[in-house]
Amino acid sequence: MTSATGYEGFDGASELLRALSAPIRLAIVSELADGERCVHELVEKLGAAQPLVSQHLRVLRGAGVVRGSRRGREIAYCLVDEHVAHIVADAVSHAGEGS
């Protein structure tokens, strides 16, 4: 990092953290760490409305965190990279240490 401001190389990480900034998105990533899920499975597990879950999946997909593949009439979502699941698990664990 020999740029004028010294932090341009952190753009990608900043975008990832922005995509993970909502508690429901952290919960979605945590659920997907256990394997692919359809929207209705996430709705059931998280107790959130389907439009809300779909909206947050769209944000995560746009950030390259999740991808969807057609499974019959539904789309199954999975994590693009397992590293994100570790980031979320570590953040949740760290936040719990302060309690």
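- One distance of note links CG of L16 with CG of L60; it measures 9.5 Å at 0.5 Å rounding.
- For A22, the side chain to side chain contact (heavy atoms under 4.5 Å, CB included) partners are I24, R25, H56, not counting sequence neighbours.
- Contacts of Q50 classified as side-chain hydrogen bond (donor to acceptor under 3.5 Å, both in side chains), with partners at least two apart in sequence or in another chain: S54.
- For E41, there are no side-chain hydrogen bond (donor to acceptor under 3.5 Å, both in side chains) partners at least two apart in sequence or on another chain.
- The hydrophobic cluster around V59 extends to none of the other residues, as no ILVMFWY side-chain heavy atom falls under 4.5 Å of it.
- Under the 4.5 Å side-chain heavy-atom criterion for grouping Ile, Leu, Val, Met, Phe, Trp and Tyr, L32 is not connected to L17 through any hydrophobic cluster.
- Residue V66 is grouped with residue V92 when hydrophobic side chains (ILVMFWY) are merged at heavy-atom distances under 4.5 angstrom, including chains of intermediate members.
- When the side chain to side chain contact (heavy atoms under 4.5 Å, CB included) test is applied to S30, no partner is found at least two apart in sequence or on another chain.
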Sequence neighbours excluded and cut-off under 3.5 Å, please list the side-chain donor-acceptor pairs for residues 77-88, or say none.
| unit_1 | atom_1 | unit_2 | atom_2 | d |
| --- | --- | --- | --- | --- |
| Y77 | OH | R61 | NH1 | 3.2 |
| D81 | OD1 | H83 | N | 2.9 |
| D81 | OD1 | H83 | ND1 | 2.7 |
| D81 | OD2 | H83 | ND1 | 3.3 |

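- Residues meeting the salt bridge (charged side-chain N to carboxylate O under 4.0 Å, His left out) test with R37, sequence neighbours left out: E31.
- A19 and A63 make their closest contact through CB-CB, 3.4 Å (heavy atoms, listed as atom of the first residue, atom of the second, distance).
- Every residue meeting the salt bridge (charged side-chain N to carboxylate O under 4.0 Å, His left out) condition with R71, not counting sequence neighbours, appears here in chain and number order: E36.
- A search for salt bridge (charged side-chain N to carboxylate O under 4.0 Å, His left out) contacts involving E15 returns R18, not counting sequence neighbours.
- Every residue was checked against the side chain to side chain contact (heavy atoms under 4.5 Å, CB included) condition with A89, not counting sequence neighbours, and none meets it.
- Interatomic distance, OG of S69 versus CD of E74, reported as 11.5 Å (0.5 Å rounding).
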Hey, can you pull the donor-acceptor pairs under 3.5 Å for the side chains in residues 42-49, sequence neighbours left out?
none

